[in-house]
Structure formats: structure tokens, C-alpha cells
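This report refers to the structure that appears directly beneath it.
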Amino acid sequence: MEENKKSKTSLRAKADKIKDFRCKNLIAVIEYPTDLRNIGTIIRNVNALGVEKAYVVTDDQFVPDDWQEMRGRRALHAVSASAIKWSFVRKFHDTESCLGHLEKKGFVSVVTSPHTKGRKNVILHEADYTRYKKLAVWFGNEGIGISRLALERSELCVNIPMFGIIESLNLGTSSGIVLYEITRQRREFQNKLKAKIAANKSAKRTAPPATKHLA
């Protein structure tokens, strides 16, 4: 019992320690997934790469509506390697309600697709993902990909460059590649911003007091 308590305390301490490395205002959206393993893999990627939240768009009941119930669902625990316990995950029943929520909160959406074209199309590593203060990254259904609605209301359509005979990746793998590049850029930007703010504060503390000149 004592050992179990120490283990939980250690995990909590680790979770608190890595908070500063999380990419704020970054959400991964999984649209109508059909394979529970893919949901688990993406949640695991979200947690490992420091994405702030994950949204799942589905009307299926294999993903509970309530987050606390998700955390207690044995199947989700197994496929996410327990990442569901340490990640914020929210369910939406349809694409419209998810987009409406994101847009109300000021989020810009980008979608990922190997072949579909949107209003603006970019190669993954050629885009600047620090331009958007609040960003939602959408991953489509395993079979049919991203929906037309999500595509039409997205800022960018991102694709991963591929150079082999096989021109597609499974959902878990593609989400890891895309989220790695986006979190890398945004974390680097956040770190530079923090360093700049700290330097400005330090300069103000060490600056000599202004002297008054008598006329």
C-alpha cells in the first residue's frame, strides 16, 4: 500500500514538473475514428508530445461522453498505455458542434490529408504553426479521411511528404509525425518568448535608477 502511494505521488510530481513544457492552446481533433486502437495511439501521442488537449468527434458509445468515465474505461486505458489518465479528452457528437466550440474559443483549424486539397495546401515542415495563437489540428477517419465540412472551415490542409511506393500512413503514425513537427515549432517559440520576457525583467531590475536634473 505504501509503495503504491509513493508511486502515485511520484507520477503526480512528474506531471506537475512537465506542465511548463506543454504546448498551450494546441488541440488534436480525431474526426469519426472507427478503431479504438487509433484513438488510444493518438491520445498517447498527445500526451507524449505535450499537446494540451484531445477532442474526439464520434457518435459511437465506445468513447464515453464523460471524461471521468473515459479515464475509468479499461479498453481506453489499455490502448492508450494509461495516457488517458493524464490527458484532457473531450467528446463531441458531430463535426459542426466541435467546429462551433473551437471557433467560439478563437481556435484556427488545420486539417491533415495525404491527397485531399483545401483552400490552402502546405507540406508539413514548410508551414509556420506559431502564427496561430490557438490551433486545432484535425485527423480524419481511417477510411474516408477528413470531412468536407472540416476541410472548408480550415485554414490549411497539411500533408506529409512521402517518397516510397506506399503513399499513406496509418492514423497513429501520421498523427505522431504531424504533432511532433507542430509541437517542436510551438515549444521552441514558447521557450524563446519566455527567455525574452525573463531577459526584459532582468534588465529592468539591474538598470540604474533614473537621475533627476535640477533646472
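Along the sequence shown, residues are numbered consecutively beginning with 1.
- Side-chain atoms of K91 come within 3.5 Å of backbone N or O of V63 as a donor-acceptor pair.
- With sequence neighbours left out, the side chain to side chain donor-acceptor pair (under 3.5 Å) criterion links N159 to no other residue.
- Take D60 and apply the side chain to side chain donor-acceptor pair (under 3.5 Å) test, not counting sequence neighbours, and it matches no residue.
- Considering CD1 of I123 and CD1 of I160, their distance stands at 10.5 Å, rounded to 0.5 Å.
- Distance check: L171 CG to T112 OG1 gives 7.5 Å after rounding to the nearest 0.5 Å.
- Looking at residues two or more places apart in sequence or on another chain, you find a salt bridge (Lys or Arg N to Asp or Glu O under 4.0 Å) between E181 and R184.
- Annotation: side chain to side chain contact (heavy atoms under 4.5 Å, CB included) contacts of A83 (sequence neighbours excluded): I43, R44, N47, S80, S87.
- Under the salt bridge (Lys or Arg N to Asp or Glu O under 4.0 Å) criterion, E103 pairs with R153, not counting sequence neighbours.
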- Task: Please step through side chain to side chain contact (heavy atoms under 4.5 Å, CB included) for the pair V178 and Y129, ending with a clear verdict.
- Result: CA-CA 11 Å; V178 171; Y129 304 101; over 6 Å; no
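- Applying the salt bridge (charged side-chain N to carboxylate O under 4.0 Å, His left out) test to pairs two or more places apart or on separate chains, those with a residue in residues 25-35 are D35-R37.
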- Can you check side-chain hydrogen bond (donor to acceptor under 3.5 Å, both in side chains) on S97 and D94, steps first, answer last? CA-CA 6 Å; S97 61; D94 55 72; 3.1 Å; yes
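- Take R131 and apply the side chain to side chain contact (heavy atoms under 4.5 Å, CB included) test, not counting sequence neighbours, and it matches K120, D128.
- Scanning all heavy atoms of the two residues, the minimum distance from R186 to C23 falls at CB-SG, 4.2 Å.
- For H101, the ring pair (Phe, Tyr, Trp, His ring centres under 6.0 Å) test picks out Y55, F92, with sequence neighbours left out.
- With sequence neighbours left out, K192 forms a side chain to side chain contact (heavy atoms under 4.5 Å, CB included) with E188.
- Linking ILVMFWY side-chain heavy atoms closer than 4.5 Å, directly or via other members, places F107 and L149 in a single hydrophobic cluster.
- Residues meeting the side chain to side chain donor-acceptor pair (under 3.5 Å) test with S109, sequence neighbours left out: W138.
- Partners of N170 according to the side chain to side chain contact (heavy atoms under 4.5 Å, CB included) rule, which considers only residues two or more places apart in sequence or in another chain, are T173.
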- Task: Could you give me the CA-CA distance, side-chain angles and deciding distance for Q185 and T130, then say whether side-chain hydrogen bond (donor to acceptor under 3.5 Å, both in side chains) is met?
- Result: CA-CA 7 Å; Q185 287 190 24; T130 66; 5.3 Å; no
- Task: Could you check I39 against F62 for side chain to side chain contact (heavy atoms under 4.5 Å, CB included), going step by step and ending with a plain yes or no?
- Result: CA-CA 10 Å; I39 298 174; F62 58 68; 3.3 Å; yes
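- Every residue was checked against the salt bridge (Lys or Arg N to Asp or Glu O under 4.0 Å) condition with E152, not counting sequence neighbours, and none meets it.
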- Task: With side chain to side chain contact (heavy atoms under 4.5 Å, CB included) as the test, would you mind laying out the steps for L156 and V111 before giving the verdict?
- Result: CA-CA 6 Å; L156 301 174; V111 299; over 6 Å; no
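- Distance check, rounded to the nearest 0.5 Å: CD1 of I30 to CD of E142 gives 9.5 Å.
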- Evaluate the side chain to side chain contact (heavy atoms under 4.5 Å, CB included) criterion for residues I27 and V137: first the C-alpha distance (whole Å), next the side-chain angles of each, then the deciding distance (0.1 Å), finally the verdict. CA-CA 6 Å; I27 298 173; V137 187; over 6 Å; no
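- Follow the hydrophobic side-chain contacts under 4.5 Å out from L99 and you never reach I144; the two are in separate clusters.
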